[in-house]
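One structure below.
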Amino acid sequence: MNSTIQKIREQFEQALVAAFGSDLEGTDPILVPASNPKFGDHQSNVAMSLAKRLGKAPRAIAEQVIQHLDVSEFCEPPTVAGAGFINLTFKTSYLEEQLRCVQADPRLGVAPIEPPKRAIVDYPSPNIAKEMHVGHLRPSVIGDCIARILEFLGYEVLRLSHVGDWGTPFGMLIAYLREAYPEALKSDENLDLEDLASFYRHAKKRFDQDAAFQDAARLSVVQLQAGEEETLRAWKIVCDLSNRTNQRIFDLMGLSPLIIRGESFYNPFLPDVIEELDRLALLVEDSGAKCVFLKGFTNKEGDPLPLIVQKSDGGYNYATTDLAAIRYRVNVDKVDRVVYPVGAEQTNHFAQIFQVGKRAGWITDDVEFVHTPLGSVLGEDGKKLKSRSGEAIRLEDMLNEAIAHARTDLENRLKEEGREETEEFIKHSAQVIGISAVKYADLSQNRTSNYVFSYDKMLARQGNTAVYMLYAYVRTCGISRKGNIDFEKLGSDCPVVLKEDEEFVLAKHLLRLDEILSIIDADLLPNQLCQYLFELSQKFNQFYDRCTVLDAEEPIRTSRLVLCDLTARTIKLGLSLLGIPVLERM
RNA sequence: GAGGAUGUAGCUCAAAUGGAUAGAGCGCCUGUCUUCGAAACAGGAAGCUGCAGGUUCAAAUCCUGUCAUCCUCGCCA
């Protein structure tokens with residue numbers, strides 16, 4: 001309906017000029033969805049906003065506007081209500097026609113963006129020396145979702161896994177391995193990441209307690225950056241191993257394939273970054289470190305804050321890498337948009353590197369670099385989620401626990417209903433439901449706020465959960481099974497006939513998919529898609545409850561089958577954009 | 001000290017460039033399964049949108065102040 005709304009908006013603009021003269025050319029008609037269904041489908045709030053400017057009463061302005069407004073192709077005659085609201089209601093015949101179009105469209109009425117654009121979603125992936133933990137849940141899930149939505153909208157999307165495969169933690173690890181297990185670096189075989197994870201903890205302990213060890217760790221970083229052979233060899237082994245392990249978790253989560261382009265990828269470009277910043281006279285040496293002093297950022301003394309791009313020991317840090325990445329993405333990848341779904345605590349960091357990127361002329365007005373800040377995952381105590389021993393919870397453990405919860409729920413349910421299902425069915429269903437529950441719980445809340453992680457709530461039988469939507473989809477499948485109807489063979493020109501309130505409500509909601517996706521394209525808040533799908537499922541359930549499908553008379557029966565098919569396809573597509581599959585039965 | 005985020009029903013959260021009576025879900029109370037799968041549906045109670053000012057026809061939304069919680073602030077990422 002985006003194009004319809006656009007046409008109505010144009011009609012408003014013409015009507016405003018016709019009614020009040022060319023001064024009002026380009027006036028925004030303030031056309032928004034109706035605040036309440038009883039007012040119709042859309043409303044224009046323009047009359048109130050013009051009252052002062054035109055020196056007239058809003059209601060009089062509204063009356064004058066609708067006299068010149070021709071939306072008869074789409075809507076019933078507009079009405080004026082309240083303070084001067086202009087209310088629009090779609091014609092039934094127009095809705096029915098739109099439904100036929102959507103029915104025939106594999107994209108369900110969502111037009112691809114024109115012209116196509118290139119986008120990068122930067123997955124803030126794990127440090128390669130550590131296992132994935134709870135902190136990686138939101139970036140992975142939300143990043144994957146944003147990538148899927150942008151791709152569907154017509155972007156060419158590069159999913160870049162910006163793994164931490166370089167830098168100080170790595171040096172610390174190598175230093176510790178050299179110190180405690182020198183032989184481990186010489187053979188590839190008996191290393192697994194479980195060992196490295198505990199190695200990391202030990203190394204961190206050593207690092208925190210011993211200044212000499214800190215020096216050794218920093219030296220290892222320098223050796224790594226210098227390309228010292230043995231160090232590089234150890235590095236490669238660990239990277240491969242780590243990536244394999246992470247891939248297993250990504251597969252379990254159902255994430256789209258990623259391009260691994262870690263921090264090390266940008267190593268060759270780091271000197272260029274420094275050089276160019278220097279040439280642009282942005283670089284200042286301070287206490288031996290090369291810095292760019294930032295505008296709008298101060299330290300505790302009120303002095304300008306530096307962004308350090310080369311440390312006093314000659315090493316680079318993550319700001320340098322991120323700047324090199326910005327430069328590469330603009331110059332080589334030639335992207336229009338780069339999205340960083342990263343924790344809100346890094347807001348300053350991104351503001352800083354974007355500022356430097358702009359001042360260096362890499363980020364121009366026609367390229368959008370955007371940090372989409374993410375809130376934290378909290379425990380039931382309202383504090384950052386941690387294991388009982390105070391460490392970060394392993395992501396894989398969380399996922400498996402969700403699957404186990406889902407399995408228990410399903411088995412109890414089968415017992416209650418006296419159903420027999422195969423092990424394969426139970427296993428597959430539990431996995432889909434468990435993983436989907438975790439992802440949906442994460443996606444359904446505004447990404448900027450913290451949320452409380454609870455297996456019981458995310459897997460609840462009632463409420464705004466993945467299960468609710470999966471069940472609505474299962475119900476559509478039930479109709480197709482029971483009626484022995486293949487939705488795909490319904491054809492693309494089946495007449496839709498809207499009569500009952502529930503049919504209208506469902507139909508209008510179905511037609512809003514493209515509008516919702518456009519909004520998400522702009523603000524990158526996937527929770528709005530969750531909200532849309534939840535409401536769609538609710539409206540379908542109401543329809544299902546009150547409008548019998550299979551026993552209805554023709555042509556109502558076929559019309560309702562089309563509504564079921566459209567609902568099923570919309571849920572399936574919507575969930576797929578969230579990274580969630582559907583089940584035919586559950 | 002500076003910058004930023006958050007604060008909405010008992011709980012978890014929505015609210016599209018400021019719009020009509022601030023909405024859902026959970027929990028609580030009451031109904032509905034011989035009828036397309038009840039993991040569902042219908043109804044009810046529940047709010048000074050942290051607090052105080054201001055801007056305007058209109059404020060959860062914008063501005064100022066204030067309180068609370070959280071994050072960040074020179075060589076970790």
Side-chain angles (χ1 to χ4, degrees), chain A residues 28 30 32-36 38-39 43 45 48-49 51-52 57-58 81-85 87 124 127 164 166-169 172 207 263 286-291 296-302 305-313 315 317-319 321-322 343-349 351 373 375-376 382-384 409-410 413 417 433 441 444-446 448-452 454 457 460-465 467-468 470-472 474-483 515-516 518-519 522-523 525 527-528 531 534-535 538 541-542 544-552 560 564 585-586:
Chain A
D28 184 349
I30 317 183
V32 294
S35 59
N36 187 317
K38 76 180 182 189
F39 300 131
Q43 64 184 54
N45 303 328
M48 284 85 76
S49 72
K52 184 165 279 183
F85 300 95
N87 290 334
N127 191 292
W166 211 253
T168 308
M172 185 172 82
F207 188 85
E263 294 173 352
D286 192 89
S287 314
K290 291 183 178 160
C291 318
F297 293 90
T298 55
N299 62 18
K300 287 172 187 165
E301 284 73 43
L305 197 68
L307 182 72
I308 294 175
V309 292
Q310 189 167 17
K311 299 186 285 182
S312 49
D313 66 3
N317 57 20
Y318 74 122
T321 308
D322 283 346
E345 58 272 15
Q346 293 202 47
T347 300
N348 282 351
H349 169 68
S376 303
K383 294 182 177 168
K384 272 199 178 183
D409 286 355
L410 181 59
R413 190 176 166 74
E417 297 180 353
I433 293 169
S444 61
Q445 320 223 345
N446 188 311
T448 58
S449 52
N450 300 341
Y451 78 98
V452 175
S454 158
K457 282 189 179 159
R461 295 184 173 197
Q462 289 91 19
N464 184 6
T465 60
V467 172
Y468 185 88
L470 290 171
Y471 182 65
V474 163
R475 278 182 142 180
T476 65
C477 295
I479 289 177
S480 132
R481 265 197 307 276
K482 177 85 180 247
E515 189 186 337
I516 299 301
S518 293
I519 292 170
D523 62 22
L525 290 169
N527 60 299
Q528 295 174 116
Q531 186 67 28
F534 177 56
E535 287 173 6
Q538 278 184 316
N541 278 330
Q542 289 159 0
Y544 183 93
D545 208 50
R546 278 167 248 167
C547 300
T548 170
V549 177
L550 294 175
D551 293 338
R560 288 182 177 168
C564 289
R585 297 192 303 121
M586 62 192 278

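In what follows, every chain begins at residue 1, and chains take the letters A, B, ... in the order their sequences are listed. No hydrogens, no waters, no symmetry mates; every other heavy atom, side chains included, goes into these values.
Checked against ring-ring contact (aromatic ring centres under 6.0 Å, His included), A:Y451 has no partners two or more places apart in sequence or in another chain. With sequence neighbours left out, A:R481 forms a salt bridge (Lys or Arg N to Asp or Glu O under 4.0 Å) with no residue at all. Partners of A:Y544 under the ring-ring contact (aromatic ring centres under 6.0 Å, His included) rule, at least two apart in sequence or in another chain, are A:F540. Applying the side chain to side chain contact (heavy atoms under 4.5 Å, CB included) criterion to A:D545, with sequence neighbours excluded, gives no partner residue. Partners of A:E417 by salt bridge (Lys or Arg N to Asp or Glu O under 4.0 Å), not counting sequence neighbours, listed by chain and number: A:R413, A:R419. Contacts of A:Y468 classified as side chain to side chain contact (heavy atoms under 4.5 Å, CB included), with partners at least two apart in sequence or in another chain: A:T465, A:F534, A:S537, A:Q538, A:N541. Listed by chain and number, the residues in a ring-ring contact (aromatic ring centres under 6.0 Å, His included) with A:F39 amount to none (sequence neighbours excluded). Checked against ring-ring contact (aromatic ring centres under 6.0 Å, His included), A:Y318 has the following partners two or more places apart in sequence or in another chain: A:H349.
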Please enumerate all protein N or O atoms sitting under 3.5 Å from an N or O of nucleotides 42-44 of chain B, with distances to 0.1 Å.
{"from": "B:A42", "atom 1": "OP1", "to": "A:Q542", "atom 2": "NE2", "distance (Å)": "3.0"}
{"from": "B:A42", "atom 1": "OP1", "to": "A:R546", "atom 2": "NH2", "distance (Å)": "3.2"}

Quick test: give all pairs of protein nitrogen or oxygen and nucleotides 11-13 of chain B nitrogen or oxygen below 3.5 Å, distance rounded to 0.1 Å.
{"from": "B:C13", "atom 1": "OP1", "to": "A:N450", "atom 2": "O", "distance (Å)": "2.8"}
{"from": "B:C13", "atom 1": "O5'", "to": "A:Q445", "atom 2": "OE1", "distance (Å)": "3.1"}

Report, one pair per line, the protein and nucleotides 29-33 of chain B atoms (nitrogen or oxygen only) whose separation is under 3.5 Å.
none

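We find that CG of A:N348 is positioned 15 Å from C1' of B:A77, with the value rounded to whole Å. When rounded to the nearest whole Å, the span between CZ of A:R461 and P of B:G27 equals 12 Å.
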(request) Would you mind building the protein contact string for nucleotides 17-22 of chain B? One character per nucleotide, 5' to 3', B for base within reach (heavy atoms under 4.0 Å), S for sugar-phosphate only, - for untouched. (result) B-BBB-
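Listed nucleotides B:C75, B:A40, B:C57 differ in distance to A:Q462; the shortest reach to its side chain belongs to B:A40. Across B:A40, B:C57, B:C36, the shortest atom-to-atom separation from the side chain of A:Y471 is found for B:A40.
Residue contacts shown for A:L410 include a base, since a base heavy atom lies under 4.0 Å away. Nucleic acid contact for A:A289: base, since at least one base atom lies under 4.0 Å from a heavy atom of the residue.
Base pairing of B:A5: its partner is B:U69, meeting the Watson-Crick or G-U wobble criterion (both donor-acceptor distances under 3.5 Å). Under the Watson-Crick or G-U wobble criterion, with both distances below 3.5 Å, B:U17 is left unpaired in every strand shown.
One P atom belongs to B:C48, the other to B:G43, and the distance between them is 25 Å to the nearest Å.
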